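Here is the structure we will look at.
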Amino acid sequence: MLRKQKPLTLSIIIPVFNEKDYLDECLSSIAAQTMQPTEVIIVDNNSTDQSSEIAKKYDFVTIVKESRQGIVYARDKGFNSAQSDLLGRIDADTVLPADWVENVLNFYNKNNMSFALSGSCYYRNLKLLRQSTRLVDLTYFIFSYVFLRHNVLFGSNMVIPRWVWQVEGGRTCVGNKYHEDIDLAVHIAKKVNIVRRPELKCGAMFRISKKPGGLSRYILRWAASLSHGIAIQSPKLSVSLLRSKN
């Protein structure tokens with residue numbers, strides 16, 4: 001007699017640092033899912049506002065703390081704390097469509113655990129782009145694919161198998177030199193096939209530092225992330241390019 005396959009489990013990890021203006025709407029979108037995730041982990045990264053109090057209103061939320069400041073540390077703490085087969089990663093300003101969890105589980109039930117998923121988003125605070133993912137697709141996913149020759153992950157909307165994190169998580173880079181979602185993608189790309197799924201589109205907030213030069217720093221870090229990815233994929237090419245510049 002065939003043994004019944006164990007149902008897949010899904011954890012959603014949310015790094016949080018002073019997100020009182022957005023977190024309630026994010027968690028409400030999880031509460032409204034047609035299928036509930038196995039666990040939801042809020043990583044409190046030294047918040048000084050009411051973020052933790054908001055999270056405590058939801059009985060399905062587990063709060064863990066990470067004292068080292070930075071989204072990479074918070075993400076890693078959440079991923080390492082999660083116990084599910086699948087690790088979903090969103091931001092505190094992400095609003096998920098009601099069938100997000102159901103679509104994720106349906107994909108992995110029909111396929112296998114050699115895939116990582118990412119979806120597009122619309123920016124809820126940019127009205128002209130609210131109904132379209134065109135800007136994100138063109139300037140993030142497609143441009144990144146041209147340079148890296150594989151899809152990247154989008155930190156507001158992604159899922160990876162837990163096993164690939166256990167294998168590759170220790171290789172990812174800390175600090176803010178690179179975009180952490182691109183860095184994670186380039187480290188796991190040789191282990192899993194990263195695919196974009198249109199049904200995983202979600203809402204997020206366009207939030208780039210309002211300090212002078214915030215947008216330019218974002219773009220420069222994006223370029224550094226792509227260069228980092230190329231170096232990982234083709235270290236000999238990276239060395240030759242470096243020598244030619246000198």
Side-chain angles (χ1 to χ4, degrees), residues 4-16 19-44 50-64 71 74-75 77-113 115-125 130-133 136 153-165 181 184 192 194-207:
K4 187 176 180 179
Q5 187 175 1
K6 181 182 175 182
L8 290 174
T9 54
L10 169 67
S11 298
I12 297 179
I13 293 92
I14 312 172
V16 170
E19 298 285 1
K20 67 179 180 62
D21 294 333
Y22 308 106
L23 186 57
D24 193 39
E25 193 171 7
C26 172
L27 295 176
S28 292
S29 75
I30 296 176
Q33 292 294 300
T34 56
M35 294 179 65
Q36 285 298 304
T38 309
E39 61 179 351
V40 178
I41 298 175
I42 293 287
V43 185
D44 183 359
Q50 292 77 46
S51 294
S52 290
E53 286 70 21
I54 292 170
K56 289 175 183 176
K57 295 192 305 181
Y58 296 85
D59 57 8
F60 55 79
V61 168
T62 298
I63 301 175
V64 299
I71 193 168
R75 178 202 68 190
K77 182 63 174 281
F79 280 11
N80 291 331
S81 301
Q83 298 299 312
S84 297
D85 304 312
L86 302 167
L87 306 180
R89 152 89 163 85
I90 64 175
D91 286 330
D93 61 16
T94 299
V95 174
L96 299 175
D99 57 357
W100 190 87
V101 171
E102 184 175 357
N103 283 328
V104 168
L105 293 176
N106 283 343
F107 175 87
Y108 281 101
N109 281 323
K110 292 177 182 178
N111 296 281
N112 56 46
M113 301 294 280
F115 291 89
L117 303 182
S118 196
S120 299
C121 81
Y122 59 89
Y123 291 117
R124 298 185 290 128
N125 56 332
R130 189 164 185 171
Q131 300 302 322
S132 174
T133 62
V136 175
L153 298 166
F154 188 60
S156 297
N157 186 7
M158 54 170 275
V159 183
I160 66 172
R162 183 166 172 247
W163 74 263
V164 77
W165 173 253
D181 43 10
L184 176 60
V192 293
I194 302 172
V195 297
R196 289 190 295 137
R197 301 296 295 183
E199 67 271 21
L200 297 185
K201 185 174 73 172
C202 69
M205 302 296 285
F206 186 78
R207 295 194 288 170

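Quick note: residue numbers are just sequence positions, from 1. As a basis for the values below, the full set of heavy atoms in this structure was taken, side chains included, without hydrogen atoms, waters or symmetry mates. If you're wondering where the values come from, they're calculated on a predicted model, not measured in any experiment.
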Residues Asp181 and Arg75 bridged, charged N to O under 4.0 Å:
no
Does the Ser118 side chain pair with the main chain of Leu153, one donor and one acceptor, at a distance under 3.5 Å?
no
When rounded to the nearest 0.5 angstrom, what distance separates CZ in Arg162 from CG in Asn80?
9.0 Å
For a quick test of reading the model, state the closest non-hydrogen atom pair linking Ile14 to Cys26 and the distance between them.
CD1-SG, 4.0 Å
Is it the case that the side chain of Arg89 and the backbone of Gly155 share a donor-acceptor pair, with hydrogens and angles ignored and the cut-off at 3.5 Å?
yes
Tightest non-hydrogen contact, residues Leu23 and Ser51, listed as CD2-O, 3.5 Å
Flag the pair Met113 / Asp85 as yes when at least one side-chain heavy-atom distance between them is below 4.5 Å, and no otherwise.
yes
Given side chains that start at C-beta, do those of Glu19 and Ile54 come closer than 4.5 Å, heavy atoms only?
no
Within-4.5 Å side-chain heavy-atom neighbours: Leu86 and Leu105:
yes
Backbone N or O of Leu117 within a donor-acceptor pair of the Arg197 side chain at under 3.5 Å?
no
Atom of Met205, atom of Tyr123 and distance for their closest heavy-atom approach:
C-CD2, 3.8 Å
Quick check against the 3.5 Å criterion: does Thr94 have a side-chain atom that pairs as donor or acceptor with the backbone of Ser156?
yes
Taking all non-hydrogen atoms of both residues, which atom of Ser84 and which atom of Thr9 are closest, and how far apart?
CA-OG1, 3.2 Å
Got a second to check how far Phe107's CZ is from Asn112's CG, nearest 0.5 Å?
8.0 Å
Pair Glu39, Ser11: side-chain N/O donor-acceptor within cut-off below 3.5 Å
yes
Atom NZ in Lys57, atom OG in Ser52: separation rounded to 0.5 Å?
13.0 Å
Drop me the distance from Met158's CE to Ile13's CD1, to the nearest 0.5 angstrom.
8.5 Å
Determine whether Tyr108 and Val159 make a side-chain contact, defined as any pair of heavy atoms from C-beta on separated by less than 4.5 Å.
yes
Show the nearest heavy-atom pair for residues Ile30 and Pro37, with the distance to one decimal.
CG2-CG, 4.0 Å
Answer yes or no: is there a side-chain heavy-atom contact under 4.5 Å between Ile160 and Phe79?
yes
The test is side chain to side chain contact (heavy atoms under 4.5 Å, CB included); show your working for Val192 and Trp163 and say whether it passes.
CA-CA 10 Å; Val192 293; Trp163 74 263; 3.6 Å; yes
Residue pair Pro97 / Gln33: nearest heavy atoms and the distance that separates them
O-NE2, 2.8 Å
I'd like to check Trp165 versus Leu184 (side-chain heavy atoms, cut-off strictly below 4.5 Å). Are they in contact?
yes
Within the 4.5 Å heavy-atom criterion, are Ile42 and Tyr58 side-chain neighbours or not?
no
Taking it one step at a time, do Val101 and Ile12 satisfy side chain to side chain contact (heavy atoms under 4.5 Å, CB included)?
CA-CA 9 Å; Val101 171; Ile12 297 179; 4.2 Å; yes
Do Asn157 and Trp100 come within less than 4.5 Å of each other through their side chains, counting heavy atoms only?
yes
Under 3.5 Å, is there a donor-acceptor pair between the Asp99 and Thr34 side chains?
no
